[in-house]
Amino acid sequence: MPASTPPASPPSFGTLALRWYRLNRGGLRATAIGIISLLAFLLVWHLLTTYRVVFFVRFTNVPSPLAVYASFTKAIHDPKFLLHVLLSCRRIFFGFSLAAIVAVPLGLIMGRFKLVHEIIFPVAEVLRPIPAIAWVPMAIMLWPTNEQSIVYITFLGSFFPILVNTLHGMSLVDPVLVRAAQCLGARERSIFRDVYFPASLPHIFTGLTVGMGVAWVSLIAAEMISGQYGIGYFTWEAYSLVQYADIALGMIAIGVLGLGSSMLIRGAGQLVMPWRSR
């Protein structure tokens, strides 16, 4: 009888680690470069504030990274600061969610039906250039509470980027695909669901990402002017009380929250559109 072949030994830890590194080399490189970039930024910030550099821009009153870190360690134990953050996140959630629920279906319908586009698009184009800060007095008159007016301004800030990008995605759908579906007997609902919507998804998620950034800008402007709580109000209050470290802390908190929100949208996009990550 022929000798049996011995079972292959499992790969060693070093071999597995090397395979993992080769598969994730691009991501590891980007992460390393990002960390180095952030460290370089902190170093430059530290040097400019330590030596009180004045060269066109004055760094005499700008807090150092250590002062901001000390303010952060104090703020995270302060329930009021956490309340500011939670209220801003809640306002973003409601305003952005309402904008996405309204803007995406409206953009799809406007992109598919010419009459709807002709009715709504002129009004949207007139309102779109109005900055969020200009809506603050009108929002205060329209809504009975500050909370509702701030959510409304956040809604407006994110609504138009989502709507415009959805319309752009609909305009780029290949008409050959639509005609092919019609020749195969697909009805309007099936064409809408299986052709237009999947083809527009990349542009929809681009609009959602841009809309989230504009939503944070709108929210902070509204909180600074008419709010009593929120991270924007916290930052403006710190300026009024000449607490420079808290100003920088509020700005960094806004940046981190905005980055986290955008990452959530990108992650959702990768789940919905797995073919885009290949």
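Treat the numbers as computed from the prediction; the structure is a model and nothing was measured.
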ask   = So, does Thr73 use its side chain to make a donor-acceptor pair with the main chain of Ala70 at under 3.5 Å?
value = yes

Pro198 and Arg193 have their tightest heavy-atom pair at CD-O, 3.2 Å

Closest non-hydrogen atoms of Ile191 and Ala181, given as atom of the first, atom of the second and distance, are CG1-CB, 4.1 Å

Quick one, Val272 and Leu201 - any side-chain contact, counting heavy atoms below 4.5 Å? yes

Query raised in the report: In terms of heavy-atom contacts, does CD of Gln228 have more than 12 from other residues, nucleotides or ligands at under 6.0 Å?
Result: no

Between Phe96 and Met263, is there a shared hydrophobic cluster once you connect ILVMFWY residues whose side-chain heavy atoms come closer than 4.5 Å? no

### Query
Side-chain heavy atoms under 4.5 angstrom apart, residues restricted to Ile, Leu, Val, Met, Phe, Trp, Tyr: same cluster for Val164 and Phe155?
no

Original post:
Side chains of Leu39 and Leu43: closer than 4.5 Å at any heavy-atom pair?
Top reply: no

CE of Met212 to CZ of Arg266, rounded to nearest 0.5 Å, is 11.0 Å

**Request:** State, yes or no, whether a side-chain contact exists between Trp216 and Thr154 at a heavy-atom distance under 4.5 Å.
**Result:** no

Q) Just by distance, do the side chain of Ser37 and the backbone of Ile33 share a donor-acceptor pair under 3.5 Å? A) no

The test is side-chain hydrogen bond (donor to acceptor under 3.5 Å, both in side chains); show your working for Thr206 and Asn165 and say whether it passes.
CA-CA 7 Å; Thr206 299; Asn165 278 274; 5.3 Å; no

So, do Leu108 and Ile204 sit near enough that their side-chain heavy atoms are less than 4.5 Å apart? yes

Hey, is the main chain of Leu259 close enough, under 3.5 Å, to the side chain of Ser262 for a donor-acceptor pair? no

Scanning both residues in full, the closest heavy-atom pair of Gly107 with Leu167 reads O-CD2, 3.6 Å

Quiz item: Does any non-hydrogen side-chain atom of Ile265 lie less than 4.5 Å from one of Phe205?
Solution: yes

dist His168:NE2 -> Thr166:OG1 (nearest 0.5 Å) comes out at 11.0 Å

Original post:
Yes or no on side-chain contact (heavy atoms from CB on, under 4.5 Å) for Arg52 and Asn61, after CA distance, side-chain angles and deciding distance?
Top reply: CA-CA 8 Å; Arg52 306 293 180 183; Asn61 293 323; 5.8 Å; no

CH2 (Trp143) and OG1 (Thr145) are apart, to the nearest 0.5 Å, by 9.0 Å

Here the gap from Met170 atom CE to Leu172 atom CG, rounded to the nearest 0.5 Å, amounts to 10.5 Å

Could you give me the CA-CA distance, side-chain angles and deciding distance for Ser64 and Trp45, then say whether side-chain hydrogen bond (donor to acceptor under 3.5 Å, both in side chains) is met? CA-CA 7 Å; Ser64 66; Trp45 179 9; over 6 Å; no

message = The test is side-chain contact (heavy atoms from CB on, under 4.5 Å); show your working for Phe159 and Leu98 and say whether it passes.
response = CA-CA 8 Å; Phe159 174 81; Leu98 287 172; over 6 Å; no

query = More than 12 non-hydrogen atoms from neighbouring residues, nucleotides or ligands closer than 6.0 Å to CZ on Phe59, yes or no?
reply = yes

Nearest heavy-atom contact between Val210 and Pro161 is CG1-CB, 4.0 Å

- Query: Can you check whether Phe234 reaches Phe81 side chain to side chain, under 4.5 Å on heavy atoms?
  - Reply: yes

Counting neighbours of CZ on Phe72 that are heavy atoms of other residues, nucleotides or ligands and sit closer than 6.0 Å, is the number greater than 12? no

- Same hydrophobic cluster for Val62 and Ile252, using side-chain heavy-atom links shorter than 4.5 Å among ILVMFWY? yes

| request: Would you mind reporting whether Ser218 and Leu156 have side-chain heavy atoms less than 4.5 Å apart? | output: no

Here the gap from Ile162 atom CD1 to Ser158 atom OG, rounded to the nearest 0.5 Å, amounts to 5.0 Å

*Under 3.5 Å, is there a donor-acceptor pair between the side chain of Ser88 and the main chain of Ile231?*
yes

(request) Take the angle between the ring planes of Tyr229 and Tyr233 and call it parallel below 30°, perpendicular above 60°, tilted in between. (result) tilted

Is it possible for you to say whether Phe41 and Leu48 belong to one hydrophobic cluster, with membership spreading through side-chain heavy-atom contacts below 4.5 Å? yes

- Query: Any link between Phe93 and Leu219 through a network of hydrophobic side chains (Ile, Leu, Val, Met, Phe, Trp, Tyr) touching at under 4.5 Å?
  - Reply: no

All heavy atoms of Gly157 vs all of Val214, minimum pair found to be O-CG1, 3.0 Å

Next on the checklist: Looking at Gln243 and Ala238, would you say the former's side chain and the latter's main chain have a donor-acceptor pair under 3.5 Å?
Outcome noted: no

In short, Thr235 meets Gly250 closest at the heavy-atom pair OG1-CA, 3.4 Å

Taken to the nearest 0.5 Å, the spacing of Gln182 CD from Arg187 CZ works out to 13.5 Å

List the steps and the verdict of side-chain contact (heavy atoms from CB on, under 4.5 Å) for Cys89 and Leu257. CA-CA 8 Å; Cys89 291; Leu257 291 172; 3.9 Å; yes

TODO: Using the side-chain contact (heavy atoms from CB on, under 4.5 Å) rule, take Glu237 and Leu241 through it: C-alpha gap first, then chi angles, then the decisive distance, then the call.
DONE: CA-CA 6 Å; Glu237 185 183 40; Leu241 299 176; 4.0 Å; yes

For the backbone of Ala67 and the side chain of Ser71, can you confirm whether one donor and one acceptor N or O come within less than 3.5 Å of each other?
no

In a table with atom names and distances, give each donor-acceptor pair under 3.5 Å that connects a side chain of residues 111-139 to protein atoms at least two apart or in another chain.
{"unit_1": "Arg112", "atom_1": "NE", "unit_2": "Glu188", "atom_2": "OE2", "d": "2.6"}
{"unit_1": "Arg112", "atom_1": "NH1", "unit_2": "Tyr196", "atom_2": "OH", "d": "2.8"}
{"unit_1": "Arg112", "atom_1": "NH2", "unit_2": "Glu188", "atom_2": "OE1", "d": "2.9"}
{"unit_1": "Arg112", "atom_1": "NH2", "unit_2": "Glu188", "atom_2": "OE2", "d": "3.2"}
{"unit_1": "Glu125", "atom_1": "OE1", "unit_2": "Arg128", "atom_2": "NH2", "d": "3.1"}
{"unit_1": "Glu125", "atom_1": "OE2", "unit_2": "Arg128", "atom_2": "NE", "d": "2.9"}
{"unit_1": "Glu125", "atom_1": "OE2", "unit_2": "Arg128", "atom_2": "NH2", "d": "3.4"}

What I'd like to find out is whether the side chain of Arg91 reaches to under 4.5 Å of the side chain of Glu147, using heavy atoms alone.
yes

